[in-house]
Structure formats: structure tokens, C-alpha cells
Amino acid sequence: MSVSASPITITLPDGSTKGFDGPVTAGDVAASIGAGLAKAAIAAKVNGRVVDLTHRIDSDAEVAIITAKSPESLEVLRHSCTHLMAQAIKRLRKDAMLEDGPPTDEGFWYDIRTVPPLTPEDFPAIEKEMEAIAKENLAIERRVLSRGEAKQLFTERKEKYKLDLIDRIPEGDTISAYAQGEFIDLCRGPHVPSTGIFKAFKLTAVAGAYWKGDANNEQLTRVKGTAFHSRKELDEYLARIEEAKKRDHRKLGRELELFMHHDWAPGETIWLPKGHIMYNILGTMMSDLCREEGYVEVFTPMLFKADLFKTSGHWSHYRDNMFVVPGQETKQLTEGEVQSRIALIEREAGNLLSKNEYDALKEKVTAKATNAEKLAQWTTNDRISTKFWNVFERGGVVYELHESGNEVFALKAMNCPCHMLIFRDQKRSYRELPLRIHDQGVLHRNEASGTLSGLTRVRQFCQDDAHIFLSNEMIEGEITKLISMISRVYKLFGMEFAKVFLSTRPADFLGAKETWDVAEASLENAIKANKLEYQVNAGDGAFYGPKIDFIVRDCLGREWQTATVQLDYQLPARFQLNFINRDNHPEMPVVVHRAIFGSFERFMAILIEHYGGNFPTWLAPVQVRILTISEKFEDYANDLFRELSENGVRVEKDFSAEKIGAKIREGRNARIPYLLTVGEKETATASVSVRSQTEGELGSQQFLEFLARINGEKTARF
RNA sequence: GCCGGAAUAGCUCAGCUGGCAGAGCACCUGAUUUGUAAUCAGGCGGUCGUCGGUUCAAAUCCGUCUUCCGGCACCA
């Protein structure tokens, strides 16, 4: 069908123009520039929008051809690759129903329902089929459908999730599908021109994912994979994953004996001697910094009556995440009560114990005389005493623990409520503001079991937590001070801010809109004044106030959310705080919640992975190890050990009967910053042979020279 | 919490369709006295995560619980 049309002009990225008689496709433009480009073309950018090569251009436009070299190409490739995977899966599993399959920063995924669910064991077959489809070199075609056509098409194909997606496409939007061979998928695109383009892809994982991201819905299988333009890039990516795995803090934490976990303390960390040294170093340095910056440090209870949290609002907003501890009292049971407990236990024991165990226990019990003795006998079995933990026998009397009246306690999940009490403890003057209260106390949060992970998500942790009480006009200055404090800390670790997020008023905000506007403006001004790159997360603030989150980037380029600064108008109101202002009137302070490390646990994880276990000398749990060539040099080595210890250096000895090569290897694997080898030569000349973990073999030097060096490195401050 | 996977010596892991539980490293002992990433030999070490079931017989098959891993949902 020929349509008479006016000529159009295409402007290319280099500024040159090309004229066409009428409408052309992006692919035509590529072909007109050169056959090589046409072949390399993956997609195109028309007036800044990424489109298919078949996209029809019918008026003047700026066009750039996207090839493997263009930054936009990877997303298109991965988006198309998820279709390739879906097609392969549909060929292998006739019942597969597709939901959504987007590209991600790392690759792509597709949420799919199959019975039984797909597992990694299915990967080889799926990948093989994907390769086969790539070989078939099927053309990928875009089809624009009416809503009715789309519904009919996906009804025929029994894709119920797709029908739901169609319903969620706003009226007036174009509905499109992409076909390749027998496969057709609802998709907005754009996509690569054909399946022949896929050369390097790999399926990486399966995981559960709720339909439409809602925990009330059924779960689909999320099949994850990644794709690159070349095998080489894919291999590099896989190597990077391997490197990250080697640095995994859970693995290094065990290897370097920093911490451990145990089944009996899920989500809680057992800090081993070496990890504890590091934890303390960070804690002390942070305390020192805060003191320097005008903070006072406090130490507050872990367990509070629920009244505190009722006042703060945590009881209604956060109770499901708190460990609630009922107040208890012990009551002596009457003979009749004891009898009824025994009857209950006996009945339950039948379910709890195997028949043999039950019979054996029962036999012992009946031989006994008093009820108290019977109960004591029954509860010698751990499974029974666990189930009936609150009933026990002491000195021939049976007691029962039970909840007492209104006495309900909870382990604190945050420090702020208690800090409100501290503020309120005295009449406060404007002269005291900003009052900065710092607390490194232990917090407990009852995180859902499935969220726990190494040190990054735990149930017991410490924050470098502080609350700053100030007046409205002090906000901007204080935030600026905080930003420089935060920068100072991260600089020491050689970590850059990737970005900061400013989260603003959410839908369910508390307080007055005007107050929020002022608060948000104060935060934004402070960010701008400090020339930080930032992004606004509109509506993502806490219900009590807006916040700034700091994202840092580690040496592998990974991003971590660490520091946070939050404004709060709610707590001061709930605790009815005030200070006496210049005009001798009570005025309500604003509270700033802030943390720099975030939690010490999580921050340790970040540091372990950032340094790959090769900590700077000041942070290393062991800074120096002395290795002897043979036992003849132990006296000299002991002299060095004493001298270093007296200088506050964390030093240890390796006097084992191993050869020096083995000792070096062990010292290297333990990531000790300095290994000092001493033998005949060193003993004779009061020197040491130094090997640095980061710089390698440094040769011999006078011990005093090394001592000066290590003294210069052994401590640090923010 | 939900979906999926896993749990075997201190660590890393092998152990096939049920039939006597293994290796390397670590640890201990002995020999070696050593010069910059693993000296040799011998030895110790296990209720196969838990509880229950099937079976003549269970690390192995089935169920329960616990914990961990990958995600999801959550994340004051």
C-alpha cells in the first residue's frame, strides 16, 4: 500500500542529516548508513525513546542506531532474552503460564507458574532449548492489538496473568505483543530484531515471588538469568560474582574467626575475640567522634514496661516486630491443681513421646508417691518440660509461672523513646540546644525468620544511634554539620557516597502539612549546600517526618544504604517535650534521629566485604605476627613481642616447628597486616624481615624503624 | 511469614537404585630446626540437624520441627 507522503529528514547523532521520500523504519535508516551498521543494529533511539528497528518514522526525527556498543542495548537484549527463556520454558512445559518478565541491572527474570515448579535442575534443558531457538533465528515481530484482540489472544492461550496485565493497562495506551515463531507475549518492548542475536546467556537462580508483589496472593516461580552481547562479557560478569562470593562476610567471618552463629540464637551474632576487637574499635572511635562533635553519650535499659512504647506509638505501629516479655509471678499450686496438671501432662506425653519413651517414663512415675514427685518425674523429660515450661517442682512444692496483671515489658527496638525521657527529665533551656544524645545500646527486633541473613539482617544489634533535640531554625545548620560528620567517617574507609535519597511526606503522614514543607525544605537546602547528588523519593518518608538516606559504594562498586538522618515531630509531641525559649515561653523541640554506620553488625559486614578481609592496620584484630626461622631465635622474638605489646600493638607469635614458607602462608591467609620473620641475621643486627599483607616482601629493616612505622599505623581517628 | 533448595568430622565436600560412614585441610603425637604461600609419618575425630514413620535393614524413602541459603513480602 503506497501512501503519498511528504519527504522527511532524519538527524543523526553526529549532526548530519539524511533525507527520505516518505516514512521509513529505523532499520531502513541503519541500512542507508551502511550494511555493517544494519547488521549490528539491535534497536534504535528515535527522539530520545528506545524503539524497535521496525519502528515507523513518519516525520522529521533525531535517530540513533543502537548497537552492542550503546549503553541502552544491554537492557533491550536482556528484555528480549527473557522472552527467549519464556519461549523455551513453554516448549518444555506445556502448562507454563507467564506473568511478567523485565530486565534488571544484573540480568532479567520471568515470573512463571508451572506444576511442579521449575528448579535449577531444569536449567540445562531450558538453556539447551534457548540455544536451539537462537539457532532458529526467528524474526521478532511487534503487533499492535486492540484491547479486544489482546484479550481474545491471551484467553485462547490460557494466559490468565496476561489477561490481568491487560486489564491494568490504562485506557488509551497502546497494547502490543511480540511474536517469535510460535511464541507470542504481551509486551511493550522494544526488542531485538531476531533470536539469532543471543550469544551469551545463563540462567542463574529460581526464587519464589508473590503475584503482583502481594503476600496474600499465590506465589510464582521467578526464574532469573543474565545475558550479555558476548561470551567474554558474560565470563567477566561470572568472575565478578565469584569475587563477591569470596568476599562474602559470612565466609570470611568464619575463616578469620570474627564471629559465629548458632541454631540456638537465630539472628543473633556471637562475636569471637577477633571480631569483638574490631567491634570495639569501631564503637570507641564513634564514641570519640561524637564527643568531639558535641554529643553526650548515655547507657540505657534494654527492657522497658510497655507504657514507654505506648507513649511513643511503637506499641501500635511496631509491636509485631518487638520481643514482648510478660511480667511473671510464681504461684504455688494446690494438690488439686497439681493433679490436673499431671493429668494434662500425661495426656500430652502420649503425643510428644515415642511409645517406648512414654512407657519407660510412666513406669517410673507410678512408682513414686506424692504428686509433687510425680510432676518432677514427668518433667525430667526435656520435651515435656519444654512444653510445660511454666510448671516446676522445687523442694517438694509445685509452682507455676504465670503472667501478672498489667506488667508487660518489651525489649527495646530503638533508643528514641528512652531518650525522650532523658530530655524530659529536666527543665530544658534553649541554651542547651541542640542537645545531642548518643547511645550504642543493644536493640532487639523480631525480624521475620525468612529475612535473617549473616550480619546484614539480625535480631539483636547496636546502632550508633543519636537523637538531636533542637528548634526549627537550627535544622538546616545541624543537617549540614551531620553531612560533614558522615563524610568524615566514610572517607577513612575509602568509601564514596553513591547518592543520597530525600524521602518526603507519605500519604499517611502525621502532623501539619506546613511543618512538613519547612522540614523538607530544610533537608533539601542542606543537601544542596553540601553539593551532594540526590534523588527525591516522593512519599517515601516515615509517617513522623522526612528523611535522608545515604548510599555508599564499596570497592566492588556495590551500593549499601548506611547512614540515615530523619526529622521527627511526633515523638516530641507524644512525650510533650518542651524547652524554655528566649521569650521565656515553652516551645516544642524537633528531634533528629541519625545513625552514621547504621547498625554496627551490618557495617561490619560491609567492611569485611569492602576490604575482602584485608583490613587496614588500625582495624585488623591482629596487626603483627612474629615468625621464627627456628627455635634458636625464640628469645629474640619474645623480646620483640614484649616491645610491640608494650607499644599497644596487637601482636602474636608463631613459634611452631613448621618451615618458614608454611608460616608465611598461614599468616597471609589470616590476613595479618605485617609478618615479621626473625632468624640468625635479624637476631645479630636487631632487625626484622618485614612482609606486608598489601605491599608484599619489604626486606629487612631495623626493628626500631618498623616500630615507628607500626606506631604510625596502629590507630586511626575519624 | 511465603516459595524453592540444603543440612554427613572443627572446615570444604564425596557417599549410585536402602545393605559395615569416607577424603583433603584443621587438630594431636613423633621425627625434622628449617630463610618468605603447604616437611614427613602416625593418630584422634561422626547418634549423618531434630523427632517420628516405612522396612529384616535408613545418611539414603516418607512426615514433623529447627536452622541455613536464594528470592518474595517486610524493613521505625
Side-chain angles (χ1 to χ4, degrees), chain A residues 109 111 113 116-121 204-224 248 250-251 254-255 257 260-267 309 312-314 317-322 351-357 382-383 412-417 443 445-454 456-457 463 465 541-545 547 561 564 566 568 570-571 593 595 599 602 627-634 655-670 675-682 689-691 696-700:
Chain A
W109 48 257
D111 283 350
R113 188 194 138 90
L118 293 162
T119 74
E121 284 170 24
T204 51
V206 290
Y210 294 107
W211 183 37
K212 292 198 262 188
D214 185 336
N216 298 313
N217 287 340
E218 62 187 302
Q219 279 200 317
L220 308 169
T221 306
R222 177 164 296 180
V223 187
K224 304 177 77 173
D248 189 314
R250 293 167 296 194
K251 180 173 143 74
R254 168 175 289 136
E255 284 173 9
E257 295 172 14
M260 58 176 271
H261 290 104
H262 194 275
D263 279 8
W264 294 346
F309 307 114
S312 69
H314 291 105
H317 276 97
Y318 200 64
R319 193 175 13 161
D320 52 336
N321 263 306
M322 293 176 77
N351 303 325
L352 246 36
L353 308 179
S354 70
K355 194 168 182 316
N356 288 345
E357 271 180 305
D382 284 342
R383 253 167 295 147
K412 70 176 168 192
M414 55 283 298
N415 294 305
C416 31
L443 305 177
R445 294 184 186 174
N446 191 9
E447 304 285 0
S449 58
T451 65
L452 303 177
S453 178
T456 54
R457 195 81 181 265
Q463 288 180 325
D465 195 11
F543 68 88
Y544 52 74
K547 62 173 181 176
Q561 201 254 296
T564 177
Q566 311 184 358
D568 188 345
Q570 289 310 306
L571 278 180
H593 303 248
S599 91
R602 220 171 92 81
L627 320 177
T628 46
I629 293 293
S630 85
E631 60 191 17
K632 284 180 285 200
F633 313 109
E634 285 180 13
F655 288 1
S656 63
E658 291 294 336
K659 291 170 44 167
I660 195 66
K663 296 193 196 188
I664 293 283
R665 185 182 137 85
E666 278 170 26
R668 296 279 298 164
N669 288 342
L675 301 177
L676 303 185
T677 301
V678 295
E680 186 154 14
K681 200 172 69 194
E682 289 77 14
S689 172
V690 182
R691 183 186 254 277
E697 177 66 35
L698 298 180
S700 278

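Numbered from 1 within each chain, the chains take letters A, B, ... in sequence-line order.
Among the heavy atoms of the strands lying under 4.0 Å from A662(A) are primed sugar atoms or P, OP1, OP2 only; no base atom is included. At the heavy-atom level, K663(A) lies nowhere under 4.0 Å from the strands shown. Across all strands, L627(A) comes closer than 4.0 Å to no nucleic acid atom at all (heavy-atom distances). Residue H314(A) is in base contact, counting any heavy-atom pair closer than 4.0 Å across all strands shown. E658(A) comes within 4.0 angstrom of a nucleotide base, judged by non-hydrogen atoms across all strands. Residue contacts shown for A209(A) are limited to sugar-phosphate atoms, with no base heavy atom under 4.0 Å away. The residue G450(A) sits close to a base: some heavy atom pair falls under 4.0 Å. Backbone-only engagement by G213(A) is indicated by non-hydrogen atom pairs under 4.0 Å involving sugar-phosphate atoms exclusively. The residue H317(A) sits close to a base: some heavy atom pair falls under 4.0 Å. A215(A) comes within 4.0 angstrom of sugar-phosphate atoms only, judged by non-hydrogen atoms across all strands, and of no base. Within 4.0 Å (heavy atoms only), G545(A) reaches no atom of the nucleic acid at all. Within 4.0 Å of D568(A), counting heavy atoms only, lies no atom of the nucleic acid at all.
L676(A) and V690(A) make their closest contact through CD2-CG2, 3.9 Å (heavy atoms, listed as atom of the first residue, atom of the second, distance). The shortest heavy-atom contact between C416(A) and L571(A) is CB-CD1, 3.7 Å.
No hydrogens or angles were tested; on distance alone, a donor-acceptor pair under 3.5 Å links the side chain of E682(A) to the base of rG35(B). Side-chain atoms of R445(A) stay outside donor-acceptor range of the base of rC74(B), with no qualifying N/O pair under 3.5 Å.
With distances taken from any side-chain atom of S630(A) to the nucleotides rU67(B), rA38(B), rU33(B), the minimum falls on rU33(B). With rU34(B), rA37(B), rC68(B) as the choices, the nucleotide that has an atom nearest any side-chain atom of I629(A) turns out to be rU34(B). In the set rA73(B), rA37(B), rU67(B), the nucleotide with an atom closest to the side chain of R665(A) is rA37(B). Comparing rG35(B), rG4(B), rA37(B) against the side chain of E680(A) picks out rG35(B) as the nearest. Of the candidate nucleotides rG70(B), rC68(B), rU39(B), rC68(B) has the atom nearest to the side chain of P266(A). Among the nucleotides rU39(B), rA37(B), rC69(B), the one closest to any side-chain atom of R250(A) is rC69(B). In the set rC74(B), rC2(B), rU34(B), rC74(B) carries the atom at the smallest distance from any side-chain atom of T451(A). Taking the side chain of R254(A) as heavy atoms from C-beta on, and the options rC11(B), rU34(B), rC69(B), the nearest nucleotide is rC11(B). Taking every side-chain heavy atom of T677(A) into account, rU36(B) is the closest of rU36(B), rU34(B), rG70(B). Among rC72(B), rU33(B), rU39(B), the nucleotide with an atom closest to any side-chain atom of Y210(A) is rC72(B).
Under the Watson-Crick or G-U wobble criterion, with both distances below 3.5 Å, rU33(B) is left unpaired in every strand shown. Pairing for rG18(B) is absent, with no Watson-Crick or G-U wobble pair whose two atom distances lie under 3.5 Å. Partner assigned to rG45(B) is none, using Watson-Crick or G-U wobble distances below 3.5 angstrom. Across all strands shown, rG1(B) is found opposite rC72(B) as a Watson-Crick or G-U wobble partner, with both distances under 3.5 Å. Across all strands shown, the partner of rG52(B) is rC62(B), judged by Watson-Crick or G-U wobble contacts whose two distances both fall under 3.5 Å. Using Watson-Crick or G-U wobble geometry with both donor-acceptor distances under 3.5 Å, rC11(B) finds its partner in rG24(B). Under the Watson-Crick and G-U wobble criteria, each requiring two contacts below 3.5 Å, nucleotide rA6(B) is paired to rU67(B).
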Candidate pair T677(A) and K663(A), rule side chain to side chain donor-acceptor pair (under 3.5 Å), full reasoning: CA-CA 9 Å; T677(A) 301; K663(A) 296 193 196 188; over 6 Å; no
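H593(A) has its ring centre less than 6.0 Å from the ring centre of Y544(A).
Not one side-chain nitrogen or oxygen of R222(A) sits closer than 4.0 Å to the OP1 or OP2 atom of rG4(B). For K212(A) and rC72(B), the shortest distance from a side-chain N or O to OP1 or OP2 is not below 4.0 Å. Look at R457(A) and you won't find any side-chain N or O under 4.0 angstrom from OP1 or OP2 of rC75(B).
The CZ-C1' distance, from F633(A) to rU33(B), rounds to 9 Å in whole Å.
Separating the P atom of rC56(B) from that of rC72(B) is a span of 48 Å, rounded to the nearest Å. Nucleotides rU67(B) and rU29(B) have their C1' atoms positioned 37 Å apart, rounded to a whole Å. Nucleotides rG22(B) and rA6(B) have their P atoms positioned 25 Å apart, rounded to a whole Å. Using atom C1' as the reference point in both rG24(B) and rU64(B), the two lie 35 Å apart (nearest Å). With both ends at atom P, the span from rC27(B) to rC65(B) equals 40 Å, rounded to whole Å.
There is a side-chain donor-acceptor pair under 3.5 Å between D465(A) and N415(A). If you check the side chains of E218(A) and Y210(A), you find no donor sitting under 3.5 Å from an acceptor.
Each of T119(A) and K547(A) was assigned the nucleotide of RNA chain B with the nearest heavy atom; the assignment lying further toward the 5' end belongs to T119(A). Both E447(A) and D263(A) sit near RNA chain B, but only D263(A) has its closest nucleotide nearer the 5' end.
Distance alone, capped at 3.5 Å, is enough to place a donor-acceptor pair between the S599(A) side chain and the R602(A) backbone.
Counting non-hydrogen atoms of neighbouring residues, nucleotides and ligands closer than 6.0 angstrom, the CD atom of E697(A) exceeds 12 such neighbours.
Salt bridge D214(A)/K212(A): absent, no basic N to carboxylate O contact under 4.0 Å.
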